[in-house]
Number of protein chains: 2
Amino acid sequence: MEEVAKVAGVSVATVSRALRTPDAVSPKLRTRIEEVSQRLGYAPNRIAGSLAGARSPLIGVIVPSLTNSFFAGTLDQMTTLFEASGYQLMIGQHGYDTDREERIVAAFASWNPSALIVTGRRHARGTLATLSAAACPVVEMWDHGERPLDSGIGFSNRAAGELAARYFVEQGLIRTAFVGATLDKDDRARARAEGFKDTFRGLTGLEPLILPAGSRELGEGGAALKRVIARQPEIQAIAFSGDMLAVGAMFEADRMGLSIPGELKILGYGDLEIARHTNPRLTTIRPPHKEIGEAVVRHVLERLKTPDTPSVNLDLGVKLILRETV
Amino acid sequence: MEEVAKVAGVSVATVSRALRTPDAVSPKLRTRIEEVSQRLGYAPNRIAGSLAGARSPLIGVIVPSLTNSFFAGTLDQMTTLFEASGYQLMIGQHGYDTDREERIVAAFASWNPSALIVTGRRHARGTLATLSAAACPVVEMWDHGERPLDSGIGFSNRAAGELAARYFVEQGLIRTAFVGATLDKDDRARARAEGFKDTFRGLTGLEPLILPAGSRELGEGGAALKRVIARQPEIQAIAFSGDMLAVGAMFEADRMGLSIPGELKILGYGDLEIARHTNPRLTTIRPPHKEIGEAVVRHVLERLKTPDTPSVNLDLGVKLILRETV
DNA sequence: TTCAGATTTGCAAACGCTTACATTTTTCTT
DNA sequence: AAGAAAAATGTAAGCGTTTGCAAATCTGAA
């Protein structure tokens with residue numbers, strides 16, 4: 001920058017202004033400085049800029065897993081949109097481990113980020129402390145509930161479970177099950193399971209089977225199907241906490257010669273691309289993946305531009321996508 | 001830090017040393033400083049640290065897409081492993097757009113990262129300039145070829161295509177096709193297509209059908225299957241540039257009443273989880289997803305620890321996973 | 001006990017920008 | 001044309017660390 005200033009015959013302050021707040025510099029100088037820094041291939045040092053300025057153009061995002069299609073989709077949206085506004089994403093994953101989340105949040109906070117975005121509403125004590133102390137907007141996404149730390153953008157997982165139960169009851173289904181991946185660690189999956197159970201019980205007085213699955217992968221779906229049938233041979237319908245589990249169960253049912261939806265109904269969750277292509281096509285509950293990413297970016301950008309913008313707490317809702325398996 | 005220094009009754013220099021190079025401080029002071037900074041909840045400002053030190057503990061990784069399972073898997077590995085060594089990942093995606101890649105590389109370089117990791121071997125002129133000028137290790141991953149910019153860790157996509165062709169020929173398959181996603185933009189898919197075509201032609205003197213697909217998603221696989229059959233009704237075997245396309249084709253074949261592998265053989269690429277669960281299970285070519293991530297991290301960490309470590313250019317190879325569709 | 005050498009600590013100068021404030025130049029009003 | 005107000009530019013003080021070098025302290029041999 002010093003170099004550019006010298007060549008352009010101005011002070012570094014003017015160069016800085018020409019580059020960051022062009023309006024504050026006379027058109028003549030501005031063009032000269034732009035031309036020179038172009039010619040010299042000058043690239044500002046973001047680190048120095050961040051240290052001098054109040055905060056860095058970094059945005060920390062923490063998700064449970066990068067390989068989970070839901071979060072991958074949200075991150076996809078966010079990198080693209082934030083990048084366009086000149087922000088860089090720092091992405092961290094904790095694998096549903098709250099201690100690891102705490103360490104990542106602390107690490108991210110020490111970069112003076114412009115915003116911190118975490119997944120879910122349950123955090124370790126230290127995470128809460130760090131987030132509350134952070135001098136930037138904090139968004140808890142993918143979940144809706146009362147009193148977010150700062151802003152919350154997501155939907156009610158409980159409502160998603162309720163929706164599944166209500167739909168089963170409407171269809172006259174009596175012997176049902178909910179299969180959820182890692183219910184012990186994944187709060188959101190657990191909330192769906194509980195919404196399902198409570199609603200089904202409330203509506204019918206009957207007890208649905210609630211079964212955990214070891215992972216959210218296809219293979220577990222097939223295995224879970226077998227376990228459900230072993231426990232309840234007369235099962236009529238199963239709701240899964242993820243489309244991949246549901247598809248795995250469909251493959252397994254195919255192998256077992258069990259016809260879907262004839263002998264068994266299957267309901268997914270996620271509305272992944274694959275749900276549109278299976279035979280038969282998978283009926284599923286669609287969380288607002290993309291909408292969450294968009295809403296988070298829009299809100300954060302707004303907060304950053306107009307600092308007195310109030311926090312929000314949005315429930316983006318879920319939708320039942322009727323296809324052929326229920 | 002000043003605060004900690006005052007409370008512990010030492011200078012900030014000593015605090016810095018106690019925290020970063022504990023061996024350079026007497027045990028007595030070290031424990032006192034650690035205790036105080038613990039008590040005060042001191043978190044060092046990474047930005048200031050990076051400005052003062054030679055470079056930042058940031059590692060830039062650029063992939064074509066976050067939602068592509070291959071790269072998601074590699075990133076998964078890398079975030080976890082680098083995080084454990086105190087590095088943060090900055091992740092960028094360019095959607096196979098070289099201009100966008102250029103902008104991202106430039107943006108990342110301005111953070112004085114400890115390493116820069118890009119996908120593939122073809123880059124815009126400006127990207128090459130930035131990467132060559134970067135004062136840090138540069139790794140080009142997911143592809144193997146001669147003369148990487150600095151280090152290269154991947155495998156030969158051409159060899160993957162050759163493997164597919166050779167296997168088809170060994171099986172006595174004559175009327176074959178290769179369906180590739182976005183062959184115009186994805187160099188790696190194109191290299192596989194060319195390896196397939198050249199080898200098949202060389203071995204049999206026959207011309208395989210090479211067809212582009214609009215995307216790498218399931219639906220396109222089904223659509224491509226129909227197009228292949230329209231062009232060549234007697235088709236015996238199709239190699240796909242991705243497992244998802246292959247699975248989409250299997251679903252479509254199912255709908256068409258076409259038996260696999262009886263009437264049509266299908267070969268995938270990727271060895272995604274789903275390949276193990278379809279009916280019949282998908283024969284596929286496995287690129288070394290995980291191995292790439294691990295090798296990149298190992299190499300970069302080595303380079304960072306011992307700066308005079310030489311660059312590498314590794315070919316990790318591909319493997320044919322025999323299952324039931326060919 | 002003394003003193004050289006090793007170890008520990010402190011001082012102060014970067015690191016490369018941003019920005020409040022002061023100064024200079026330009027523009028406008030009368 | 002003079003003076004006030006507005007706009008443009010420069011000066012310099014940070015931002016919170018790290019680190020080379022000097023000073024102080026400690027260690028052990030003579």
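Side chains included, hydrogens not; waters and symmetry mates left out as well; all remaining heavy atoms used.
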For Ile47(B), answer base if it contacts any base atom (sugar-phosphate contacts may also be present), sugar-phosphate if it contacts only those atoms, and nothing otherwise; contact means non-hydrogen atoms under 4.0 Å.
-> nothing
When we call it a touch if two heavy atoms are under 4.0 Å apart, what does Ser26(A) touch: a base, just sugar-phosphate, or nothing?
->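 If one applies the 4.0 Å heavy-atom cut-off, Ser26(A) turns out to touch the sugar-phosphate alone, with no base involved.
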Any side-chain heavy-atom pair from Ile117(A) and Ile62(A) closer than 4.5 angstrom?
-> no
d([atom1], [X]; [atom2], [N]) in whole Å:
X	N	atom1	atom2	answer
Ile33(B)	dT8(C)	CD1	P	13 Å
Arg32(A)	dT9(D)	CZ	P	9 Å
Arg30(B)	dT8(C)	CZ	P	9 Å
Asp23(B)	dT8(C)	CG	P	9 Å
Leu51(B)	dC15(D)	CG	C1'	9 Å
Leu29(A)	dT25(C)	CG	C1'	12 Å

How long is the gap from CD on Glu83(A) to CD1 on Ile59(A), to the nearest 0.5 Å?
-> 11.5 Å
What about Phe155(B) and His144(B), are their ring centers closer than 6.0 Å?
-> no
Any N/O pairs under 3.5 Å between the protein and nucleotides 17-21 of chain C? List them or say none.
unit_1, atom_1, unit_2, atom_2, d
dC17(C), OP1, Tyr42(A), OH, 2.9
dC17(C), O5', Tyr42(A), OH, 3.2
dT18(C), OP1, Arg20(A), NE, 3.2
dT18(C), OP2, Ser16(A), OG, 2.2

Among Arg121(A), Arg147(A), Arg188(A), salt bridge (Lys or Arg N to Asp or Glu O under 4.0 Å) partner for Glu140(A) |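 When salt bridge (Lys or Arg N to Asp or Glu O under 4.0 Å) is applied between Glu140(A) and each of Arg121(A), Arg147(A), Arg188(A), only Arg121(A) qualifies.
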Flag if over 12 foreign heavy atoms under 6.0 Å of CD, Glu35(B) = yes
Residue pairs fulfilling ring pair (Phe, Tyr, Trp, His ring centres under 6.0 Å) with at least one residue in residues 75-106 of chain A, sequence neighbours excluded |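 Non-adjacent pairs meeting ring pair (Phe, Tyr, Trp, His ring centres under 6.0 Å): zero.
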